[in-house]
Protein chains: 2
Amino acid sequence: MTGRKDADRRGDSGRKRKSAPLSSEAIVAAAIDLLDREGLDNFSIRNIAKALGVYPTALYWHVPSRHLLIARVIAALFADVLPEENADWRLWLKDLFRRYRDIVRAHPNVAPLVGGHLVSSASVDLNLVEAILSTLTRAGFEDEDLVAAYNSVVVGMCGYATQEFAHVFPDPERELETSLAASVEAADPARYPVLAAQRHRLLNRALVLRWKNGNQAPLESGFEMFTNSLIAGLAQELERARNRA
Amino acid sequence: MTGRKDADRRGDSGRKRKSAPLSSEAIVAAAIDLLDREGLDNFSIRNIAKALGVYPTALYWHVPSRHLLIARVIAALFADVLPEENADWRLWLKDLFRRYRDIVRAHPNVAPLVGGHLVSSASVDLNLVEAILSTLTRAGFEDEDLVAAYNSVVVGMCGYATQEFAHVFPDPERELETSLAASVEAADPARYPVLAAQRHRLLNRALVLRWKNGNQAPLESGFEMFTNSLIAGLAQELERARNRA
DNA sequence: ACCTGAACACCGTTCAAGT
DNA sequence: ACCTGAACACCGTTCAAGT
């Protein structure tokens, strides 16, 4: 009898039913797993439930809504973005940008969920916010400039990876691929001289001119230039602010 | 008889039925209108069809899919981003960034659709691509550096506005607002000294620490610093590359 | 307390049928 | 050629019912 019950609990009927009870942590873990394996297009409450061997509505006991589940997923994934302390604020920022991008590289399908949505605010990591603020304060930014620099840093952190790992929509007939490749290949050198001359360097390596995202074709050199430029530029803005004062 | 037919065509049965026949342009226009009026959460093929007084499936004669409709919407909205020519490449870039952000300000709900999705590639404006490439070439970027600089510029163009006008998810109970405000208000000055000291300057004015987006609370000063920094930094990278050669 | 199960109000898209 | 209308395979979420 007891053996039978245990067998039932392990669930030979519901195929993937886990022995462990449901919890917010288990749901978030299953959500991340699903996102990594099946992509954004199959990322749904119902599929997470299926992976857990449970009814979709069961999740609502542990998680208030899809939006807030996504917020928890983001919080879990970026729990360790924060770099070691560094006396040089510019190196610290560079480190932060790198670490952020590395996480997105490891879970590329989350990119569209972080960039353009304010959900992230639902699970703010105050440690991250304070770390950026205190680093910029040590660098010399004050008051209004501090806020502006902080916003610049957050965009610098998320902006590149968001675009590098942008969502590629399902294209089974490869229509996007063929039409894009064709129009670039056929670009009139008279009208588009630089594009025509550099086309082989650009296809799938330049934003907007690609059908693969950073997953299959990373945009490494641009990341370096973008982050280096932004940081160097912030340092320069700081100088200017000092000279004003 | 003819009068009756005209009345039928104007459509007293289907309420909003337009007299004009359906077309790709009309659909895109209705889509933009719906996006502006009703927001991203109500932006669907079915609602666009309803606004046009037509069956949802009628759209598929003129538009291949939702993804590609979005691509056309984006193409239509950003048809005029391209700034006037400018001898100073840095001013030209600044102008480009401003114009891009102005368009997003005018149609803020499109922001999440542009930033994190590769759909935009389905409707590439080669003129824009060439303009950026030729400007950077005139500035002095070559070969691999040109690609890296181009990618930096595209991220610079889209990155800030994407986050400034990020999607705010429906929150009728104002849970996000209250919890975020509370946690920032209650931030321990010992653990979060800068955050605690600057909290009134930060709430709804610093990314991640807000429940409103740029629509209700623009992040103007950060935009200035971000774009100025990026451009100044690119100029500096250019100097470095020249010194290497 | 935690999960089932039915139900509601939505989606995008396919395809046969009408005109 | 262009639109209707039914149908399919999905969604997120609410809520009563079970245990």
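Quick note on labels: first sequence line is chain A, next is B, and so on, each numbered from 1.
- Here the P atom of nucleotide C/dC3 and the CG atom of A/Leu59 are 9 Å apart, to the nearest Å.
- Mapping A/Tyr55 and B/Arg46 onto DNA chain C by nearest heavy atom places A/Tyr55 closer to the 5' end of the strand.
- As a whole-Å value, the separation of A/Leu52 CG from C/dC2 P is 16 Å.
- Taking the six-membered ring for Trp and thresholds of 30 and 60 degrees, A/Phe169 and B/His67 have nearly parallel ring planes, at less than 30 degrees apart.
- Between B/Glu177 and B/Asp171, the shortest heavy-atom contact is N-OD2, 3.7 Å.
- In this structure, the CG atom of B/Leu34 is 10 Å from the P atom of C/dC11, given to the nearest Å.
- The separation between A/Tyr60 atom OH and C/dT4 atom P is 15 Å, rounded to whole Å.
- For A/Asp188, the CG atom counts as densely surrounded, since its 6.0 Å shell holds more than 12 non-hydrogen atoms of other residues, nucleotides or ligands.
- Side-chain nitrogen and oxygen atoms of A/Asn47 include at least one within less than 4.0 Å of the OP1 or OP2 phosphate oxygen of D/dC11.
- Within the nucleic acid shown, B/Ser65 comes within 4.0 Å of sugar-phosphate atoms alone, with no base atom in reach, counting heavy atoms only.
- Comparing D/dT14, C/dC3, D/dG5 by their closest approach to the side chain of B/Thr57 singles out D/dG5.
- Straight-line distance from the CH2 atom of A/Trp61 to the P atom of D/dA16: 14 Å, rounded to whole Å.
- Picking from C/dC3, D/dC11, C/dT13 the nucleotide with the shortest atom distance to the side chain of B/Pro56 gives C/dT13.
- Computed from coordinates, the B/Asp41 CG to C/dA9 C1' distance equals 15 Å when rounded to whole Å.
- Distance, A/His62 NE2 to D/dT13 P: 16 Å, rounded to whole Å.
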Which dot-bracket notation, 5' to 3', represents the base pairing of DNA chain D when pairs are defined as Watson-Crick or G-U with both distances under 3.5 Å, crossing pairs as [ ], and inter-strand pairs as |? ||.|||||...|||||.||
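- Note: B/Phe78 and B/Tyr100 have parallel aromatic rings, judged against thresholds of 30 and 60 degrees for the angle between ring planes.
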Would B/Ile45 and B/Leu69 count as a side-chain contact (heavy atoms from CB on, under 4.5 Å) if you check the C-alpha gap in whole Å, the side-chain angles of each, and the deciding distance to 0.1 Å? CA-CA 9 Å; B/Ile45 294 281; B/Leu69 170 58; 4.1 Å; yes
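- B/Arg199 places a side-chain N or O within donor-acceptor distance of the main-chain N or O of B/Glu185, the cut-off being under 3.5 Å.
- When distances are taken from the side chain of B/Ala58 to each of C/dT4, D/dT4, C/dG12, the shortest belongs to D/dT4.
- Atom CZ in B/Phe43 sits roughly 13 Å away from atom C1' in C/dC11 (whole-Å rounding).
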